[in-house]
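These numbers were taken from a predicted model, which means no experiment stands behind them.
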There are 2 protein chains.
Amino acid sequence: MPKKKEVHPERTRIGDRIARWTIPREDILDLLIRTQQHLTAKEIYAALNPLNPDMGLTTIYRTLELLDTSGLIRKIYTGDGQARFEYKRADHADHHHHLICSVCGKILNYRDFEKEELDLVRKTEEILARKHGFLIRDHNIEFLGLCGDCRSGGKRSTIPGR
Amino acid sequence: MPKKKEVHPERTRIGDRIARWTIPREDILDLLIRTQQHLTAKEIYAALNPLNPDMGLTTIYRTLELLDTSGLIRKIYTGDGQARFEYKRADHADHHHHLICSVCGKILNYRDFEKEELDLVRKTEEILARKHGFLIRDHNIEFLGLCGDCRSGGKRSTIPGR
DNA sequence: CCTTGTAATGATATCCATTATCATTATAAA
DNA sequence: TTTATAATGATAATGGATATCATTACAAGG
């Protein structure tokens, strides 16, 4: 049976921004939903190419921008010169932040202290709105440091700027 | 009297990484100390060029990487495709985070809730160290949203992806 | 003061992620 | 089916950042 997928329910979340729900869009969103990693455009391309060799890199970039603008995915800058993407669940079920190793670039998700953090964030958002008229839509928290491997290894990074 | 500056005291903080403290290094660090903004390499180039037309862009990039690696300045990615830099005071006196407008790209510093935030961060760092063997060296917190102008204006951004 | 090894610089070329262009294809509604 | 046009993909172009390498200039030892 050839590829024959149901349209993902999330598709409705971008209904007003989009006219046609296509195979590339379905495949890219699908991949991001399934993976735990933070993928770059090229990684997505590499992952989907075997399944759909006709999909070009341009489409990946365009689709990622569409999904990001629509709030379905999040664009992350970890400082290695390329943007990464992760799926953003509507229900905050996977609310987490990042732990980035400055040496090897590894990214860990962390999920502890959600409640306290959310209290703090909410409070901050209130103040910011009052003080600067800023409407908060999202926040990022990231910790930079050395992962276990790089701490013990003590080796130098080959990544420039790290 | 020609330019004749005292070497900035911070110079000692990178003593072991550096052999010579030069005019470009002094000027770049000096500029970052004085400004409240978050400058790109090109903005720094533009600002210093009138004073020192011989300074090339390459030196700016190299010096910024040196200062960043040494922990004197912080590299920030706001998502507009170019890295920005800010001076990082040793005494945490200016501890702050960023408020980024997704439409116009404006960046505000915010400094409220430092104590609670630091408590939370410290606690988190402890857990992360225990759980993942991660040694935290820095953290970033940023809020993304719409600034007052862009809220009321309701105009669309020309910045791709925003 | 000179000399000298070499760190630092700057012009240039290059790299690489991302965007723009535009002809072609394929979707969804009539 | 037909059709208007949204979406795609090959290609070229853009632009921030880095590599290369000959040149300059700093700092230590004479």
Side-chain angles (χ1 to χ4, degrees), chain A residues 3-5 7 11-12 14-29 38-46 48-49 52-70 75-85 105 157-162, chain B residues 2-5 7 11 14-29 38-46 48-49 52-70 75-85 105 157-162:
Chain A
K3 174 183 319 205
K4 182 85 181 303
K5 260 184 267 191
V7 168
R11 180 255 175 279
T12 59
I14 48 177
D16 56 340
R17 293 174 181 271
I18 206 181
R20 298 171 189 171
W21 189 247
T22 61
I23 307 261
R25 288 169 184 189
E26 177 73 22
D27 285 352
I28 291 169
L29 179 59
H38 311 81
L39 301 176
T40 66
K42 294 221 166 148
E43 286 166 353
I44 292 171
Y45 179 79
L48 296 182
N49 192 57
N52 186 354
D54 292 334
M55 196 187 311
L57 193 52
T58 308
T59 298
I60 311 260
Y61 278 109
R62 262 189 306 230
T63 303
L64 289 171
E65 192 199 317
L66 175 74
L67 296 175
D68 180 40
T69 306
S70 307
K75 196 172 184 178
I76 310 167
Y77 304 90
T78 59
D80 64 350
Q82 50 198 327
R84 295 177 175 275
F85 298 86
S157 167
T158 55
I159 304 171
R162 292 195 170 177
Chain B
K3 173 183 318 207
K4 181 84 182 302
K5 262 184 264 189
V7 167
R11 179 255 176 276
I14 46 177
D16 57 339
R17 292 174 181 271
I18 208 182
R20 298 171 190 171
W21 189 246
T22 62
I23 308 262
R25 289 169 184 188
E26 177 73 21
D27 284 353
I28 292 170
L29 179 59
H38 310 81
L39 302 176
T40 66
K42 294 221 165 146
E43 285 167 353
I44 293 171
Y45 179 79
L48 296 181
N49 193 58
N52 185 354
D54 292 335
M55 196 187 314
L57 193 52
T58 309
T59 299
I60 312 259
Y61 278 109
R62 261 189 306 232
T63 303
L64 289 171
E65 192 200 317
L66 175 74
L67 295 175
D68 179 39
T69 306
S70 307
K75 197 172 184 178
I76 310 167
Y77 304 90
T78 60
D80 65 349
Q82 49 197 327
R84 294 177 177 275
F85 298 86
S157 167
T158 55
I159 304 171
R162 293 194 170 178

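Between atom CZ of residue B/Arg84 and atom CG of residue B/Leu64 there is a gap of 12.5 Å, rounded to the nearest 0.5 Å. Atom OG1 of A/Thr40 sits about 11.5 Å away from atom CD1 of A/Ile76, to the nearest 0.5 Å. From B/Leu29, atom CG reaches atom OG1 of B/Thr63 across 10.0 Å, with rounding to the nearest 0.5 Å. Rounding to the nearest 0.5 Å places CZ of A/Arg25 at 8.0 Å from CG of A/Leu67. Atom CZ of residue B/Phe85 and atom CD1 of residue B/Ile28 lie 10.0 Å apart, to the nearest 0.5 angstrom.
Residue-to-nucleotide contacts include no donor-acceptor pair under 3.5 Å from the side chain of B/Arg20 to the base of C/dA8.
For A/Arg25, the side-chain atoms get nearest to D/dA7 when compared with the rest of D/dA7, C/dG10, D/dG16. Closest contact between the side chain of A/Thr22 and the listed nucleotides C/dA17, D/dT8, C/dG10 involves D/dT8. Taking only side-chain atoms of B/Thr63, from C-beta outward, the nucleotide of C/dT9, D/dG16, D/dA27 with the closest atom is C/dT9.
Of the residues near DNA chain C, B/Pro24 and A/Ala83, the one whose nearest nucleotide (by heavy atom distance) lies more toward the 5' end is B/Pro24.
Summary of helix geometry: the two end axes of the helix from C/dC1-D/dG30 to C/dA30-D/dT1, each defined by five base pairs via their C1' atoms, are inclined to each other by 30° (rounded to 10°).
Remark: A/Tyr61 is not in phosphate contact with C/dT19, judged by side-chain N or O atoms under 4.0 Å from OP1 or OP2. At the phosphate of C/dG10, OP1 or OP2 sits under 4.0 Å from a side-chain N or O atom of B/Thr59.
Between B/Glu26 atom CD and D/dC26 atom P the separation is 14 Å, expressed in whole Å. Computed from coordinates, the A/Arg84 CZ to C/dA17 C1' distance equals 12 Å when rounded to whole Å. Rounded to an integer number of Å, the gap from CE of B/Met55 to C1' of C/dA11 is 16 Å. In this entry the distance linking NZ of A/Lys75 with C1' of C/dT19 reads 11 Å, nearest Å. As a whole-Å value, the separation of A/Leu57 CG from D/dA12 P is 16 Å. To the nearest angstrom, C1' of D/dA25 lies 17 Å from CH2 of B/Trp21. Per the geometry, CD belonging to B/Glu65 stands 13 Å off P belonging to C/dA8, to the nearest Å. Spacing between atom OH of A/Tyr45 and atom P of C/dC16 amounts to 17 Å, rounded to whole angstrom units.
Across all non-hydrogen atoms, the minimal contact from B/Tyr45 to B/Met55 is CE1-O, 3.2 Å. B/Tyr77 and B/Ala83 get closest at one heavy-atom pair: CE2-CB, 4.2 Å.
Looking at B/Thr58, B/Thr59, B/Leu57 one by one, the single match for side chain to side chain contact (heavy atoms under 4.5 Å, CB included) with B/Tyr61 turns out to be B/Leu57.
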Any protein N or O atoms within reach of nucleotides 21-24 of chain D? Criterion: under 3.5 Å, listing atom names and distances.
none

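Using a 4.0 Å heavy-atom cutoff across all strands shown, B/Thr58 reaches at least one base atom of the nucleic acid.
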